[in-house]
S.K.: 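Starting off with a structure, shown below.
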Protein chains: 2
Amino acid sequence: MNHVDINRPEPLGPEVILPPTKRGQRTRANLLAAAESVFATSGYHDASIVKITEEAGVGLGTFYVYFPGKKELFDQVVFDLNRRVRQAMSEASSGATTRLEAERAGFRAFFAFTAAHPALYSIVRQAEFVSPEAMRAHYTSIVDGYISGLLSAQAKGEVRDIDPTVASWALMGAGELIGMRWVQWEQQAGGRPEGVPDHVFEALMSFIETALAPSASVKEESV
Amino acid sequence: MNHVDINRPEPLGPEVILPPTKRGQRTRANLLAAAESVFATSGYHDASIVKITEEAGVGLGTFYVYFPGKKELFDQVVFDLNRRVRQAMSEASSGATTRLEAERAGFRAFFAFTAAHPALYSIVRQAEFVSPEAMRAHYTSIVDGYISGLLSAQAKGEVRDIDPTVASWALMGAGELIGMRWVQWEQQAGGRPEGVPDHVFEALMSFIETALAPSASVKEESV
DNA sequence: GTCAAACCTGAATGGTGATTCATGTTTCGT
DNA sequence: ACGAAACATGAATCACCATTCAGGTTTGAC
């Protein structure tokens, strides 16, 4: 969620050969964007290749020029979303100087991304059966960034002595369900907020801060 | 997860008319059990009615004697799992006298249930598209129990002043991902533990305890 | 023992959708 | 301007499945 510090090589779909011509690249990108949208609204199984190609504005057969099959397309979509959400969090927290700042910025970026790309939740959850490898890679890559952030924060004495791996999974879980409840569900109910309500965000930050702070109360030293 | 204090009426599939005869009840129960297993291992879409009836040891047509269709069966399975996991947590934490005890017992029960019923995770996640109502009802009913537990703990001064709703969703999320990572994933990798490893459990408890404790350090007063 | 209600059954129906392929069109280096 | 590589296409193929139904079997109240 924050403490982002992406380093290791990309965890997924490496051998993507982009089409040689501009036209081909555009078509491929259109298919990918259409797939993200259709997978998110219809679900993997109701997302027929016909729907996707229609949304992309290309013929049915064209799909198979760019992807071996539906499953590979799905993997690619998960991979793309994963890369983008990590980049968003990483960018947001890169300017921060303290752990608290980084934490806030990272989570804000995560919720904003969630709001802008409702596909993230629905698609990752479906991956359980469609592509378990993709699902694990998604969660693992995010947690890895978090862990390394926590480690360096601990080295600086900004975080108390707690297993960083467990803490990272716990925090990611917290962010995930909060996002589901206040971003995804609210959106589906009609609204289109840019993130979670302020009081929820602040409560979550207070929760995290208290859980991680070294020992004496460091609460509320900012904002 | 804990602080369980279930009160309100059941949130889901209410009007279940049980078959009048013993034989019918047994058949229905067999179908339900088979469905849980097949949904969990194959996923909703690959879980054909044929597979389910075969696993249940009944003829294909028999299915439609007991359920209007596949979707209704799925709802029923979610409802059952939800009732059982809440009951397990509620029972486990009912004997506790302090919030900390209740917390530990509740989470332990949750992880144990997760270990014994891998279906819980996979089925609930699929509900996103198969039956969003069922999914929401599942999460909401668990969180509601948690919230009321937190509220009464706050009244007794055992929990600091934090929004109980936000805290509940955060904690449920933490438990969910920890369970996914250390129970579900480990199981799929071969092992069949009865819950999360001790050090993970303790780290999570320490995390939660610190996040919720009133103010002065209450850490590690037990165990 | 009788009979209606409750149960059970699996072949047939109807629909859907991923993937293939033979054929036409566009792009681009030379 | 030319030709080969890229790209585009949608009808046809093939497989899978939810659901229906018409007819048989079992149960249990009397």
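Chain naming here is simple, since letters A, B, ... match the order of the sequence lines and numbering starts at 1 in each.
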S.K.: For Gly149(A), is there any backbone N or O sitting under 3.5 Å from a side-chain donor or acceptor partner on Ser152(A)?
M.R.: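 Answer holds: yes.
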S.K.: Run the salt bridge (Lys or Arg N to Asp or Glu O under 4.0 Å) test against Asp163(B) and tell me which residues pass, sequence neighbours left out.
M.R.: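 If we apply the salt bridge (Lys or Arg N to Asp or Glu O under 4.0 Å) test to Asp163(B), skipping adjacent residues, there are no hits.
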S.K.: Could you list by number each residue of residues 20-53 of chain B showing a heavy-atom separation from DNA chain C of less than 4.0 Å, or answer none if no residue does?
M.R.: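 Under 4.0 Å from DNA chain C: Pro20(B), Thr21(B), Arg23(B), Gly24(B), Thr27(B).
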S.K.: With a 4.5 Å cut-off on side-chain heavy atoms, are Val85(A) and Ile142(A) touching?
M.R.: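 Counting from C-beta outward, Ile142(A) and Val85(A) do come under 4.5 Å.
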S.K.: In degrees rounded to 10°, what angle is found between the helical axes fit to the five outermost pairs at each end of the helix from dG1(C)-dC30(D) to dT30(C)-dA1(D)?
M.R.: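 Inter-axis angle at the ends, rounded: 20°.
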S.K.: Determine yes or no for a side-chain-to-main-chain donor-acceptor pair under 3.5 angstrom, with Thr114(B) supplying the side chain and Phe110(B) the backbone.
M.R.: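 Side chain of Thr114(B) to backbone of Phe110(B), a donor-acceptor pair under 3.5 Å: yes, one is there.
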S.K.: Could you pull out every donor-acceptor pair under 3.5 Å between side chains of residues 25-35 of chain B and any protein atom, sequence neighbours left out?
M.R.:
| residue | atom | partner | partner atom | Å |
| --- | --- | --- | --- | --- |
| Gln25(B) | NE2 | Pro19(B) | O | 2.8 |
| Thr27(B) | OG1 | Arg23(B) | O | 3.0 |

S.K.: With sequence neighbours left out, what residues match Glu72(B) under salt bridge (Lys or Arg N to Asp or Glu O under 4.0 Å)?
M.R.: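 Partners of Glu72(B) under the salt bridge (Lys or Arg N to Asp or Glu O under 4.0 Å) test: none.
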S.K.: According to side chain to side chain donor-acceptor pair (under 3.5 Å), does anything in residues 181-190 of chain B pair up with another residue at least two apart or in another chain? List the pairs.
M.R.: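 Of all non-adjacent pairs touching residues 181-190 of chain B, those that pass side chain to side chain donor-acceptor pair (under 3.5 Å) are Arg136(A)-Gln188(B), Arg181(B)-Glu186(B).
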S.K.: Which of residues 58-74 of chain A sit near DNA chain C, with a heavy atom under 4.0 Å from it?
M.R.: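 The stretch gives Leu60(A), Tyr64(A), Gly69(A), Lys70(A) as the residues lying under 4.0 Å from the strand, ordered by number.
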S.K.: Taking Ala127(B)'s backbone N and O only, do any of them form a donor-acceptor pair with Ser131(B)'s side chain (distance below 3.5 Å, no angle check)?
M.R.: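 Here the side-chain-to-backbone pair does not exist.
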S.K.: With sequence neighbours left out, which residue pairs that include part of residues 29-51 of chain B fulfil the salt bridge (Lys or Arg N to Asp or Glu O under 4.0 Å) condition?
M.R.: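 Pairs touching residues 29-51 of chain B that pass the test: Glu36(B)-Arg84(B).
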S.K.: Not counting sequence neighbours, which residues clear salt bridge (Lys or Arg N to Asp or Glu O under 4.0 Å) with Arg125(A)? List them please.
M.R.: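 Checked Arg125(A) against salt bridge (Lys or Arg N to Asp or Glu O under 4.0 Å); matches are Glu128(B).
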S.K.: Between Phe201(B) and Val166(A), is any pair of side-chain heavy atoms under 4.5 Å apart?
M.R.: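 Sidechains of Val166(A) and Phe201(B): no contact.
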S.K.: Under 4.0 Å from a heavy atom of chain A: give me the 5'-most and 3'-most nucleotides of DNA chain D that qualify.
M.R.: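 Contact span on the strand: dA6(D) to dA11(D).
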S.K.: Between Glu209(A) and Arg99(A), does a salt bridge (Lys or Arg N to Asp or Glu O under 4.0 Å) hold up when you go through it step by step?
M.R.: CA-CA 10 Å; Glu209(A) 182 53 18; Arg99(A) 198 201 91 255; 2.7 Å; yes
S.K.: Check every nucleotide of DNA chain C for an atom under 4.0 Å from a heavy-atom of chain B, then give the first and the last such nucleotide from 5' to 3'.
M.R.: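 Contact span on the strand: dA6(C) to dA11(C).
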S.K.: Please check this pair: side chain of Gln126(B) against backbone of Phe129(A), looking for a donor-acceptor N/O pair closer than 3.5 Å.
M.R.: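 Not confirmed, Gln126(B) side chain does not pair with Phe129(A) backbone.
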S.K.: Do Glu176(B) and Tyr139(B) come within less than 4.5 Å of each other through their side chains, counting heavy atoms only?
M.R.: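 They are in contact (side-chain heavy atoms under 4.5 Å apart), so the answer is yes.
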S.K.: Please set out all donor-acceptor pairs under 3.5 angstrom arising from side-chain atoms of residues 53-65 of chain B, sequence neighbours excluded.
M.R.:
| residue | atom | partner | partner atom | Å |
| --- | --- | --- | --- | --- |
| Thr53(B) | OG1 | Ile49(B) | O | 2.9 |
| Thr53(B) | OG1 | Val50(B) | O | 2.9 |
| Glu55(B) | OE2 | Ser37(B) | OG | 3.3 |
| Thr62(B) | OG1 | Gly59(B) | O | 3.3 |

